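Worth knowing before you read on, the calculation uses all heavy atoms, side chains too, and leaves out hydrogens, waters and symmetry mates. Note that the structure is a prediction, hence the values are computed from the model and not measured.
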Amino acid sequence: MNRAKITGIGFHVPERVVTNQDLEKIMNTSDEWIKERSGITERHWVEEESNASILAIEAAKNAMVDAGITASDVDLVICATLTSDYFFPGISNQLQHALGMRKIGAFDIKAACSAFVYALSIGDQFIRTDQYKTILVVGAEVQSTALDLSDEGRNISVLFADGAGAAVLQTSNNETGILSTHLHSDGKYLKELWCEAPGTSNNPRLSKRILDEGKHLPYMNGREVYKNAIVRFPQVIQEALDTNNLTIDDVAQIIPHQANNRISEAVARRMGIGMDKVFSNIKYYGNTTAASIPIAMCDARDKGLYGPDDIIILAAFGAGFTWASAAIRW
Ligand code: ACO
């Protein structure tokens, strides 16, 4: 059975930096509250004319250069996003066309903050079975254009941001690569972190009532998310370690979805590990949902926190609720 190896990574964020001080001017919040509750000091939000596919294309280009491949080498495109340019088709079809790829398979997956790990797991299966040899996996989000900037939505709107990260998966010719992936969900918590519209639960799908009632804006029960995240992150990290007969001492870096620094710190405490082993860059990027892990992977590698033959664990928790992990020998 083949093993899938990540041979290249890349990311792209909008140039525009929005600081906590900027947010103080547009909503009733404070730099102090945001820093204390999330660890975020600034984030990147798109300018008027930009969207998820534009960020995704730039991240994909950077990852393909890093992998030393061209678009014509790619056999499959998987995009993880909640915020595609259009209701359908997805951004994966835009990438295939914009990057001049062959007429290959291309599809989006919607698994919120866990979607990049879900997409890696899907790509891994295609490579393990030798159906494909080179797969582009992209996480991309533009959250900033649909946030409730009123007091009602300020607990969520100070967290979310825009960005894209990408990875090239190729057949490994040695022991390095993806060792395992684990995917989980519990739909009981569907409405604790969700965006009700537009969707077919409303007929018609869009109406003035939906807009007036703000059903098109994301909602989060922060406490419920926190309570579940600090249980599921350790569980899915430990599952990855146990499956591969590893201990935390074998791991160079845990790279979690950048949900909220308080969550990452609570997870580290529960697992009895120092924050030196749990990567965090939410301070500068905010929560970019499906893009946060690949952006963090690029940042952590650039900081020399992992390299060839090191073990890294990717871990995610998000809407659904969903949670997932990937153990990788780099
Ligand atoms: N600025 C100032 N005050 C605020 C803000 C803000 N941005 N947001 C909320 N508040 C106020 C509220 O009005 C409330 O005031 P009150 O007690 O006088 O009514 C107080 O802060 C607490 O509000 P809550 O919404 O209950 O905020 P909470 O204490 O739960 O903290 C937070 C919110 C930081 C989100 C917390 O619930 C948390 O850390 N949750 C984890 C969830 C998370 O961070 N998710 C990330 C996205 S989902 C994901 O990626 C998995």
**OP:** Determine, for F321 and R232, whether the Lys NZ or Arg CZ falls below 6.0 Å from the six-membered ring centre while staying within 45 degrees of the axis.
**Re:** no
**OP:** Begin from the C-alpha positions of H44 and D162 and carry the test side chain to side chain contact (heavy atoms under 4.5 Å, CB included) through to its verdict.
**Re:** CA-CA 6 Å; H44 294 258; D162 307 339; 5.5 Å; no
Original post:
If you look at every heavy atom in A119 and A80, which pair is closest and at what distance?
Top reply: CB-CB, 4.4 Å
Original post:
Between F279 and P256, which heavy-atom pair has the shortest distance, and what is it?
Top reply: O-CD, 3.3 Å
Subject >> Residues R262, E265: salt bridge by 4.0 Å N-O rule >> reply: no
Subject >> Check: T19/E42 side-chain N/O donor and acceptor closer than 3.5 Å >> reply: no
Original post:
Where the side chain of D124 meets the backbone of L120, is there a donor-acceptor pair that is under 3.5 Å apart?
Top reply: no
Original post:
Looking only at atom types and distance, does a side-chain atom of T322 sit under 3.5 Å from a main-chain N or O of A319, one as donor and one as acceptor?
Top reply: yes
**OP:** Would you confirm whether S121, through its side chain, and V117, through its main-chain N or O, come within 3.5 Å as a donor-acceptor pair?
**Re:** no
Original post:
Nearest 0.5 Å, what's the CG-CE distance between L99 and M64?
Top reply: 4.5 Å
Original post:
Nearest heavy-atom pair of G307 and W330: which atoms, and what distance?
Top reply: O-CB, 3.5 Å
**OP:** Using the side chain to side chain contact (heavy atoms under 4.5 Å, CB included) rule, take E196 and K191 through it: C-alpha gap first, then chi angles, then the decisive distance, then the call.
**Re:** CA-CA 8 Å; E196 182 181 338; K191 297 185 178 181; over 6 Å; no
Subject >> N/O donor-acceptor pair under 3.5 Å between N287 side chain and T289 backbone >> reply: yes
Subject >> CZ (F107) with more than 12 external heavy atoms under 6.0 Å >> reply: yes
**OP:** Could you walk me through whether Q125 and Q131 pass side chain to side chain contact (heavy atoms under 4.5 Å, CB included), step by step?
**Re:** CA-CA 9 Å; Q125 312 314 316; Q131 177 157 352; over 6 Å; no
Original post:
With no hydrogens and no angle check, is any side-chain donor or acceptor of N62 less than 3.5 Å from a backbone partner on A59?
Top reply: no
**OP:** Provide the closest heavy-atom pair for A52 versus V142 in the form atom of the first, atom of the second, distance.
**Re:** N-CG2, 3.4 Å
Original post:
In terms of heavy-atom contacts, does CD of E152 have more than 12 from other residues, nucleotides or ligands at under 6.0 Å?
Top reply: no
Original post:
Under 3.5 Å, side chain of E141 to main-chain N/O of L82, donor-acceptor pair present?
Top reply: yes
Original post:
Is the shortest distance from a Lys or Arg side-chain nitrogen in K133 or D130 to a carboxylate oxygen in the other one below 4.0 Å?
Top reply: yes
Original post:
Can a donor-acceptor pair be found between the side chains of S157 and D148 at a distance below 3.5 Å?
Top reply: no
Original post:
When N51 is tested against each of D85, T83, T145 for side chain to side chain donor-acceptor pair (under 3.5 Å), which residue passes?
Top reply: D85
Original post:
Donor-acceptor pair, Y118 side chain versus A112 backbone, under 3.5 Å?
Top reply: no
Original post:
Within the distance-only criterion (no hydrogens, no angle test), does the side chain of S53 pair as donor or acceptor with the backbone N or O of I91 below 3.5 angstrom?
Top reply: no
**OP:** Decide if atom NZ of K277 counts as having more than 12 heavy atoms of other residues, nucleotides or ligands within a radius under 6.0 Å.
**Re:** yes
**OP:** Kindly give the heavy-atom pair with the smallest separation between G90 and D108, and that separation in Å.
**Re:** CA-OD2, 3.2 Å
Original post:
What residues join F87 in its hydrophobic cluster, counting side-chain heavy atom gaps under 4.5 Å, either direct or through other members?
Top reply: F88
Subject >> Option passing side chain to side chain contact (heavy atoms under 4.5 Å, CB included) with S180 (candidates L246, D242, N244) >> reply: N244
Original post:
Within the distance-only criterion (no hydrogens, no angle test), does the side chain of S172 pair as donor or acceptor with the backbone N or O of K5 below 3.5 angstrom?
Top reply: no
Subject >> For the student: nearest non-hydrogen atoms of L179 and R329, plus distance >> reply: CG-N, 3.9 Å
Subject >> Reported CD1-to-CD1 distance for the pair I40 and I34, which is rounded to 0.5 angstrom >> reply: 7.5 Å
Original post:
What about F116 and I254, same hydrophobic cluster or not, with Ile/Leu/Val/Met/Phe/Trp/Tyr joined at side-chain heavy-atom distances under 4.5 Å?
Top reply: no
Original post:
Donor-acceptor pair, Q96 side chain versus I104 backbone, under 3.5 Å?
Top reply: no
Subject >> Sole residue of D22, T288, N20 in side chain to side chain donor-acceptor pair (under 3.5 Å) with R43 >> reply: N20
**OP:** Apply the test side chain to side chain contact (heavy atoms under 4.5 Å, CB included) to residues E239 and H184: give CA-CA distance (whole Å), side-chain angles for both, the deciding distance (0.1 Å), then the verdict.
**Re:** CA-CA 11 Å; E239 188 176 31; H184 299 281; 2.7 Å; yes
Subject >> Donor on one side chain, acceptor on other, N261 and S280, under 3.5 Å >> reply: yes
